[in-house]
**Q** 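Structure incoming, see below.
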Amino acid sequence: MGFSVSGSAALIFVAMFIGFGMFYSATANGFENVNDARDAQADRTLEQQNTAIGLTSAVYNTTTDSLNVTVTNTGSTELAVSDVDLLANNRYLTGYRTTVEGDETTDLWLPEERLVINATGVTTDPGRVKLVTGPGVSAVETTAEVS
């Protein structure tokens with residue numbers, strides 16, 4: 001048994017050490033990414049479970065061709081007004097004005113606060129209005145027609 005056997009054994013040992021180091025860091029990073037994704041999913045699920053809204057009224061005004069929707073945040077999470085989507089008769093509405101408790105500049109919609117949405121340019125009574133929040137919780141209301 002000469003130097004070649006000892007040298008090749010040392011070379012194999014160093015190669016195994018380097019290979020195990022790469023394998024360990026790759027698997028540790030993979031497990032960490034999976035755990036982070038599970039934590040983020042749990043946070044999103046908890047936020048969705050704590051979110052609730054009550055669509056109080058949806059009124060279509062035939063003389064002004066406008067739709068006024070009033071919604072109350074009945075959950076325990078704060079919501080962003082910019083994340084709220086409004087659908088009328090299965091059509092996505094854009095360019096509407098929003099006020100939270102009379103404030104038109106805020107984007108923060110706290111629990112027990114009322115959001116009023118005024119959509120103009122709605123030419124026909126939509127019949128049904130759906131409001132969807134950022135966490136994905138929605139509410140549906142039938143519109144009342146006023147002239």
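Side-chain atoms are counted along with the backbone in the values below, which use heavy atoms only and exclude waters and symmetry mates.
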**Q** Mind listing the side-chain donor-acceptor pairs of residues 118-131 below 3.5 Å, one per line with the distance, residues two or more places apart or on another chain?
**A**
residue: Asp125; atom: OD1; partner: Gly127; partner atom: N; Å: 3.2
residue: Asp125; atom: OD1; partner: Thr143; partner atom: OG1; Å: 2.7

**Q** Does Thr56 use its side chain to pair, donor to acceptor, with the backbone of Val71 at less than 3.5 Å?
**A** no
**Q** With a 4.5 Å heavy-atom cut-off, do Leu67 and Leu93 have their side chains touching?
**A** yes
**Q** Does Glu101 have more than 12 heavy atoms from other residues, nucleotides or ligands lying within 6.0 Å of its CD?
**A**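 Yes, CD of Glu101 has more than 12 neighbouring heavy atoms, counting only those of other groups under 6.0 Å.
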**Q** Under the criterion side chain to side chain contact (heavy atoms under 4.5 Å, CB included), I'd like the reasoning laid out for Asn73 against Leu115: C-alpha separation, chi angles, the key distance, then a yes or no.
**A** CA-CA 8 Å; Asn73 182 354; Leu115 171 69; over 6 Å; no
**Q** Which other residues belong to the hydrophobic cluster containing Leu108, where Ile, Leu, Val, Met, Phe, Trp and Tyr are joined when side-chain heavy atoms lie under 4.5 Å apart, directly or via other members?
**A**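 In the cluster with Leu108 are Leu110.
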**Q** Can you check whether Thr99's main-chain N or O pairs, donor with acceptor, with Glu104's side chain at less than 3.5 Å?
**A** no
**Q** Would Leu46 and Asn50 satisfy side chain to side chain contact (heavy atoms under 4.5 Å, CB included), going step by step from the backbone distance to the final call?
**A** CA-CA 6 Å; Leu46 181 63; Asn50 289 331; 3.6 Å; yes
**Q** If you take all heavy atoms of Leu55 and Ala139, which pair is closest and at what distance?
**A** CD1-O, 3.6 Å
**Q** Can Val81 be reached from Leu86 by stepping across I, L, V, M, F, W or Y side chains whose heavy atoms are under 4.5 Å apart?
**A** yes
**Q** How long is the straight-line distance from CG of Asp85 back to OH of Tyr92, given to the nearest 0.5 Å?
**A**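 It comes to 3.5 Å.
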**Q** For Arg38, which residues count as a side-chain contact (heavy atoms from CB on, under 4.5 Å) partner, sequence neighbours excluded?
**A**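 side-chain contact (heavy atoms from CB on, under 4.5 Å) check on Arg38 returns Val34, Asn35.
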**Q** Can you tell me which residue among Val132, Thr72, Thr133 is in a side chain to side chain contact (heavy atoms under 4.5 Å, CB included) with Ile53?
**A**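 By the side chain to side chain contact (heavy atoms under 4.5 Å, CB included) criterion, Ile53 pairs with just one of Val132, Thr72, Thr133: Thr133.
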**Q** How far apart are the closest heavy atoms of Pro111 and Thr77, and which atoms are they?
**A** CG-O, 3.8 Å
**Q** At what distance, to the nearest 0.5 angstrom, does CD of Glu113 lie from CG of Leu79?
**A** 10.5 Å
**Q** Determine whether Thr45 and Gln41 satisfy the following criterion, side chain to side chain donor-acceptor pair (under 3.5 Å), listing intermediate values before the conclusion.
**A** CA-CA 6 Å; Thr45 301; Gln41 177 63 32; 3.2 Å; yes
**Q** Residues in side-chain contact (heavy atoms from CB on, under 4.5 Å) with Leu11, at least two apart?
**A**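 Not a single residue meets the side-chain contact (heavy atoms from CB on, under 4.5 Å) criterion with Leu11.
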**Q** Run the numbers on Val137 and Gln48 for side chain to side chain contact (heavy atoms under 4.5 Å, CB included), then give the verdict.
**A** CA-CA 7 Å; Val137 175; Gln48 191 174 34; 3.9 Å; yes
**Q** Got a sec, which residues hit side chain to side chain donor-acceptor pair (under 3.5 Å) with Asp103, two or more places apart in sequence or on another chain?
**A**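 Counting only residues at least two positions away or on another chain, Asp103 forms a side chain to side chain donor-acceptor pair (under 3.5 Å) with Thr105.
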**Q** Regarding Glu47 and Thr51, is there a side-chain donor-to-acceptor distance under 3.5 Å anywhere?
**A**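 Short answer, no.
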**Q** Looking just at side-chain N and O atoms, do Asn68 and Tyr60 make a donor-acceptor pair shorter than 3.5 Å?
**A** no
**Q** For residues 23-31, which side-chain N or O atoms pair as donor and acceptor with protein atoms under 3.5 Å away, sequence neighbours left out?
**A**
residue: Ser25; atom: OG; partner: Gly21; partner atom: O; Å: 3.1
residue: Ser25; atom: OG; partner: Met22; partner atom: O; Å: 3.1
residue: Thr27; atom: OG1; partner: Phe23; partner atom: O; Å: 3.0
residue: Thr27; atom: OG1; partner: Tyr24; partner atom: O; Å: 3.0
residue: Asn29; atom: ND2; partner: Ser25; partner atom: O; Å: 3.2

**Q** After noting the C-alpha distance and the side-chain angles of Val84 and Trp109, does the key distance pass the side chain to side chain contact (heavy atoms under 4.5 Å, CB included) rule?
**A** CA-CA 10 Å; Val84 170; Trp109 184 20; 4.0 Å; yes
